Chemist: 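My questions all concern the structure below.
Order of the sequence lines sets the chain letters (A, B, ...), proteins ahead of strands, with each chain counted from 1. Nothing here was measured: the structure is a model prediction, and the numbers come from that model.
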Amino acid sequence: MTTPNTSNIGARAYPTAGKPRPPRGRALLRTSYAQDMALLNTPAKRWSTLALIVAGFLTPLLITDDLLQVLTLGLFAAIGAIGLNLVTGYAGQVSLGHAFFLGLGAYTAAVLGGDAEGRLLGLGMPMYIWLPAAGLVAAAAGLLIGPIAVRLRGLYLAIVTLGVVFLGLHIFREANTLTGGPGVGRRAPDLELFGINFSASGGIPGVDWTRDQQLFLVALVFLVIFGVAARNIARSGVGRAFSAIRDRDVAAAVIGVDLTAHKVLAFALSSFYAGVCGALYYTVVRVIEPTSFDLLLSVQFLAMILIGGVATISGAIMGAIFITALGRIAIEIAHVVPFVSSSVTGGGLFNVFQLEGILYGLLIIVFLIAEPRGLYGIWIRIRNYWKGWPFSY
Amino acid sequence: MSGAAVCELKDVRLSFGKVKALNGVSFSIQQAELFAVIGPNGAGKTSIFNVLSGVYRPQHGSVSFGGESILGAKPHRIAKKGMARTFQNIELFENLTVVDNLMLGRHHHLNYHWWEALYWWGRARTAELQNRRKVEEIIDFLEIEGYRDLPVGMLPYGIQKRIELGRALAMEPKLLLLDEPVAGMNAEETEDMARFILDIRSELKIPMILVEHDMGLVMDLADRVMAMDFGTPLITGAPDEVQTNPEVIRAYLGPMSEAAVAEVAEEVSEEAQ
């Protein structure tokens, strides 16, 4: 029997010297805690992640530009969904205010990176300033909301964050010199990094790529960076503290988790992700319209993490891509199914937009009832099936 | 039993409106002592724990721990000073694995900042690995190796109780508060838990306050016992002394005559032989 309190760790033979490797042919046998705690701790995970990234970088060459644009929007939205999952999925603080933080990020980017001689206020700064600034301004707003979460929880917090969306919407509508006003909006800045303008076709020297191909590439790189960072947060003490607060806040405090600090941190981190997402997303959309940051947008992001998988990073990504692609999926269905018209005025039982709305509601209901773990849960089922194949378990 | 007290309560009074939960509670815990608090339901035993761990703030009195006053300090600060507790109804983080629950017990031993967690390599990774080793020692100590990677919510009750003890031990506490560690357990599980409590005392030398209804366990393990009723301490002393005290017997069994009390006291002390 060992004693936890003694600190003579060196006395026990822990396999730390050098870089321990699993023995040949026993890939799942771990011989060090580092192997066990690694992000990709099985060969299957390593290979599939590599394959996924390679496939990601090949995608711009393989599919058409209009589909690429849908995927690009999905990848950028995924950054925001990961952010929401940090605060709502991991830390358990239900936030309906995500749209406000997205808007803050989008407008910070537009003002800082916007045309200096234009109709609206713009400072013409480069992307390496406006992108972090978009995140930081949103994070600062998150810092202000965070302390409210210390006092309120559950439904009450949801209502307060709901109020934040309406306040934000009002500000965005009225601040005409910054936002362009409802129905008009303003242009998003160009995605220009390292002297390459990704927002203009042929921006990457040497290769003749279109705007959509380039933007997809940028989106993929940003998503990998933000995804890995969030995953690291989730597996660190910070992420564990978030989950502890979600599951049992009193117990969390009693074992030494500072509730206030972690709730505020969760909101700030989440808002940072939202701000960055807002800034990047609208470089693809091109025009930022103030009324788009409404409750529906917040609900869309909640749907992303619900359908994708609460408190998972990969789930947030899957959910974001799926929800952003829903409009496109509805159009494809309209082509096949006779009673759905593909235009607003056309005949048929209902049009594509109505179909999208119906799909939305149906999906949320179906997922909550049939697979609360979302797309991530479906993936786990598939994985477990193949793990045991050909045996049933 | 020498040297300064680990923890001292002096005339602590806690009330909720007109309900006096604690009415002048005083005691002190010595090094490596196992101090038990007994009393009928609603006597204020768990309230003492909540005062100690900073969940409640008493209106009157002083609470010191490790020589400092901890009155009004936030729970996480008190935890950092070295107070650990388990709960009457299991308060584990049921969606997390056993390892993650125990790692949370080591939360204040993690010496890296949140921004270092973002990129992981460096201090965050080193700290996680070091603390994982400590956690594995506790897993070893409590013999829960097989449950390591399972979500706690899936595990049987007795194991969950053990993991909660493990989470408290992971904090490397200077004082351990055990709130009904064997409530709802069968004889075998109770025996296991008693063995762990004895191991903690003999090997880790951590002073403990034990709140428990299982009188057999209390009388076997405790060095000193404090009996309470309606927030007021009745008597503090050696187990057999408390057991045969007329006031304690009345607190449990209701008002009764001198003769009846004497009869019960005799029966209890015979049983203890």
Chemist: Indicate, with yes or no, if the rings of B:His76 and A:His262 have centres closer together than 6.0 Å.
Modeler: no

Chemist: Using non-hydrogen atoms only, which part of B:Lys80 is less than 4.5 Å away from chain A: side chain, backbone, both, or neither?
Modeler: neither

Chemist: Looking at side-chain heavy atoms only, is the closest gap between B:Asn95 and A:Arg246 below 4.5 Å?
Modeler: yes

Chemist: To the nearest 0.5 Å, what is the distance between CZ (A:Arg248) and CG (B:Leu96)?
Modeler: 11.5 Å

Chemist: State, yes or no, whether a side-chain contact exists between B:Trp121 and A:Asn232 at a heavy-atom distance under 4.5 Å.
Modeler: no

Chemist: Where the side chain of A:Tyr33 meets the backbone of B:Gln130, is there a donor-acceptor pair that is under 3.5 Å apart?
Modeler: no

Chemist: Quick check on the interface: out of A:Val228, A:Val238, A:Val257, who has the most heavy-atom pairs with chain B under 4.5 Å?
Modeler: A:Val257

Chemist: Would you say the side chain of B:Met83 lies within less than 4.5 Å of the side chain of A:Val254, judging by non-hydrogen atoms?
Modeler: no

Chemist: Quick one: which residue pairs count as a side-chain hydrogen bond (donor to acceptor under 3.5 Å, both in side chains) with a foot in residues 148-159 of chain B, not counting sequence neighbours?
Modeler: B:Glu136-B:Arg148

Chemist: In the structure I gave you, are the side-chain heavy atoms of A:Arg240 and B:His107 within less than 4.5 Å of one another anywhere?
Modeler: no

Chemist: Answer yes or no: is there an ion pair linking B:Glu128 with A:Arg235, defined by an N-O contact shorter than 4.0 Å?
Modeler: no

Chemist: Can you confirm whether A:Ser236 sits close enough to B:Trp114 that some side-chain heavy atom of one is under 4.5 Å from a side-chain heavy atom of the other?
Modeler: no

Chemist: Counting only non-hydrogen atoms closer than 4.5 Å, does B:Phe87 touch chain A with its backbone (N, CA, C, O), its side chain (CB onward), both, or neither?
Modeler: side chain

